[in-house]
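The basis for the numbers below is simple: all heavy atoms, side chains too, and nothing from hydrogens, waters or symmetry mates. Note that the structure is predicted; figures quoted are calculated from it, not measured.
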Amino acid sequence: MADVKLSGVGKAYGDVQILRGIDLEIRDGEFMVFVGPSGCGKSTLLRTIAGLEDITEGELSIGGRVVNDVPPAERGIAMVFQSYALYPHMSLFDNMAFGLKLAKVPKAEIETAVNQAAKVLHIEHLLQRKPKDLSGGQRQRVAIGRAIVRQPAVFLFDEPLSNLDTALRVKMRYEFAKLHEQFKTTMVYVTHDQVEAMTLADRIVVLQAGRIEQVGAPMDLYEHPCNLFVAGFIGSPGMNFVPATVVDAGAAGASVQLRDGQTLRCEVDAASARPGDAVTLGVRPEHLRAGEPANALHTTVTFVESLGSMTYAYCSHAGVDEVLTCALEGDRRVAAGQALPLAVPPDKAHLFDAQGRAFARRARQGDHQRAA
């Protein structure tokens with residue numbers, strides 16, 4: 001096993017800068033997930049660790065060894081791609097054994113390694129089949145098995161579940177979690193799906209425009225996003241945002257006025273704010289209390305989405321251009337056109353300044369602490 005350290009890492013294609021000053025330590029045995037919107041640089045960052053892309057500035061080390069100029073095959077890593085990249089004319093056994101054969105590993109050792117990996121992945125009965133005979137999930141298991149047999153110090157996964165259907169994605173997330181628990185090897189995983197990130201990661205790296213916005217444990221990012229971007233990206237459905245103006249503020253909290261004249265209270269450390277400052281109030285759909293008038297947004301239901309165990313009410317508000325989303329119990333009945341006050345619990349409210357930076361939420365018993 002090995003840690004991975006990036007110090008001031010940058011990547012450019014000519015004048016186009018893709019990665020900018022990446023400073024990151026991935027701990028030995030950690031499951032680290034890179035997330036962010038398309039084009040943010042997460043796959044490029046993974047490929048620089050793999051050695052498939054040269055870095056143009058900074059230093060990259062794996063297991064304490066600087067590997068800037070070390071070829072991919074000598075870095076002690078194994079990568080699983082989105083496309084599986086299996087040889088169609090080879091059996092599954094030969095696909096999994098291919099790298100070991102190139103490394104001239106003895107035949108008996110190859111057979112043992114492949115059979116052990118196949119057993120872990122529950123594909124031992126498929127080893128003589130060709131990739132065309134398999135489902136998408138089985139092909140992905142073969143690709144993972146090909147990585148496992150190499151016994152790498154670091155596993156790299158580039159959106160490995162994006163080609164699978166929803167039900168299989170859920171099952172494979174569980175399989176990835178089991179693999180990490182079993183092997184305890186450093187794993188770096190790229191996804192655009194923040195649900196995958198939240199369920200799999202020890203820590204998450206949120207990227208935007210080639211920069212790291214925040215690094216932390218999943219619940220730390222959920223409860224204490226550092227800015228508007230992270231707050232909006234982490235969580236499903238996304239956080240609601242409402243423009244407001246500071247009425248009064250201090251270390252114990254702030255009162256803000258919405259565009260419709262309503263005043264709400266937020267329990268954040270707003271000592272740096274001043275009356276009249278433009279701010280953004282943030283509240284997650286699952287934290288809104290429908291039908292309660294205290295500290296509430298006055299909204300009108302525009303659309304209702306019933307999903308059985310959960311109902312989402314999409315509501316309009318006089319001071320907000322976008323609809324607000326409220327998560328309700330599955331048996332809660334609301335209808336389009338209905339007036340619906342949405343109470344904002346002061347201890348669940350988020351507040352962001354004009355630059356999008358979060359005011360710290362007041363720590364409460366049971367809150368997750370910020371990751372070191």
Side-chain angles (χ1 to χ4, degrees), residues 24-27 30-37 40 173 177 189 191-208 211-242 244 246 249-256 264-273 279-290 292 295-297 310 312 324-329 342-353 355-372:
L24 179 65
E25 179 177 355
I26 303 169
R27 301 161 185 162
E30 184 172 35
F31 200 128
M32 178 71 85
V33 177
F34 298 163
V35 297
C40 71
R173 285 204 300 265
Y189 187 104
T191 181
H192 65 276
D193 185 340
Q194 56 91 24
V195 175
E196 282 181 23
M198 293 289 287
T199 54
L200 287 172
D202 293 323
R203 287 192 300 156
I204 296 172
V205 179
V206 183
L207 293 130
Q208 181 184 208
R211 298 185 186 276
I212 293 177
E213 293 288 337
Q214 190 171 359
V215 182
M219 288 306 296
D220 179 55
L221 300 188
Y222 175 84
E223 294 180 344
H224 303 284
C226 70
N227 58 32
L228 274 169
F229 176 80
V230 176
F233 194 84
I234 297 295
S236 181
M239 185 181 288
N240 296 301
F241 297 119
V242 182
V246 175
S255 294
V256 299
L264 300 182
R265 187 72 182 168
C266 312
E267 292 185 2
V268 298
D269 181 354
S272 62
V279 292
T280 300
L281 170 70
V283 60
R284 296 197 180 279
E286 56 271 29
H287 293 156
L288 289 167
R289 295 173 181 166
E292 297 184 18
N295 210 57
L297 298 157
M310 183 71 68
Y312 293 110
L324 303 178
T325 306
C326 178
L328 307 170
E329 299 84 0
L342 300 176
V344 179
D347 64 323
K348 296 294 187 181
H350 299 258
L351 201 64
F352 306 89
D353 67 16
Q355 287 71 47
R357 297 170 301 203
F359 293 96
R361 290 177 61 208
R362 295 171 58 192
R364 290 180 166 270
Q365 186 176 3
D367 273 0
H368 292 256
Q369 298 302 308
R370 185 168 296 278

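- Of all heavy-atom pairs spanning Leu281 and Leu351, the tightest one is CA-CD1, 4.0 Å.
- Atom OG1 of Thr191 is separated from atom CD of Glu196 by 3.5 Å, given to the nearest 0.5 angstrom.
- Proximity of Phe31 to Asp202: side-chain heavy atoms (C-beta onward) are separated by under 4.5 Å at one or more points.
- Considering CG of Asp193 and CG of Leu200, their distance stands at 9.5 Å, rounded to 0.5 Å.
- Residues Gln208 and Phe233 form no side-chain contact, since every pair of their non-hydrogen atoms from C-beta on lies 4.5 Å or further apart.
- Heavy atoms only, all atoms of each residue included: Val33 and Ala197 are closest at CG1-CB, 3.7 Å.
- Going from atom CD1 of Ile234 over to atom CD1 of Ile204 covers 5.0 Å, rounded to the nearest 0.5 Å.
- For Glu267 against Asp347, the heavy-atom pair with the smallest separation is OE1-CB, 3.5 Å.
- When all heavy atoms of Asn240 and Leu324 are compared, the closest pair comes out as OD1-CA, 3.4 Å.
- A side-chain donor-acceptor contact under 3.5 Å links Gln214 to the backbone of Cys226.
- Salt-bridge formation is detected for the pair Arg203/Glu30: a Lys NZ or Arg NE/NH1/NH2 atom is positioned less than 4.0 Å from an Asp or Glu carboxylate oxygen.
- The two residues Leu328 and Met310 make their nearest non-hydrogen contact at O-SD, 2.9 Å.
- Using a 3.5 Å distance cut-off with no hydrogens or angles, the side chains of Glu213 and Asn227 do pair a donor with an acceptor.
- Distance check: Leu221 CG to Gln194 CD gives 10.5 Å after rounding to the nearest 0.5 Å.
- Shown here for Ala270 and Ala254, the closest heavy-atom pair between the two residues is CB-CB, 3.8 Å.
- Within the 3.5 Å criterion, the main-chain N or O of Leu264 finds no donor-acceptor partner in the side chain of Asn295.
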Inset, instruction - Could you walk me through whether His224 and His350 pass the side-chain contact (heavy atoms from CB on, under 4.5 Å) test, one step at a time? - result: CA-CA 9 Å; His224 303 284; His350 299 258; over 6 Å; no

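- Within the model, atoms CZ of Phe241 and OG1 of Thr280 stand 8.0 Å from one another, a figure rounded to the nearest 0.5 Å.
- Here Glu223 contributes atom CD and Arg284 contributes atom CZ; the two are 9.0 Å apart, rounded to the nearest 0.5 Å.
- For Phe34, there are no ring pair (Phe, Tyr, Trp, His ring centres under 6.0 Å) partners two or more places apart in sequence or in a different chain.
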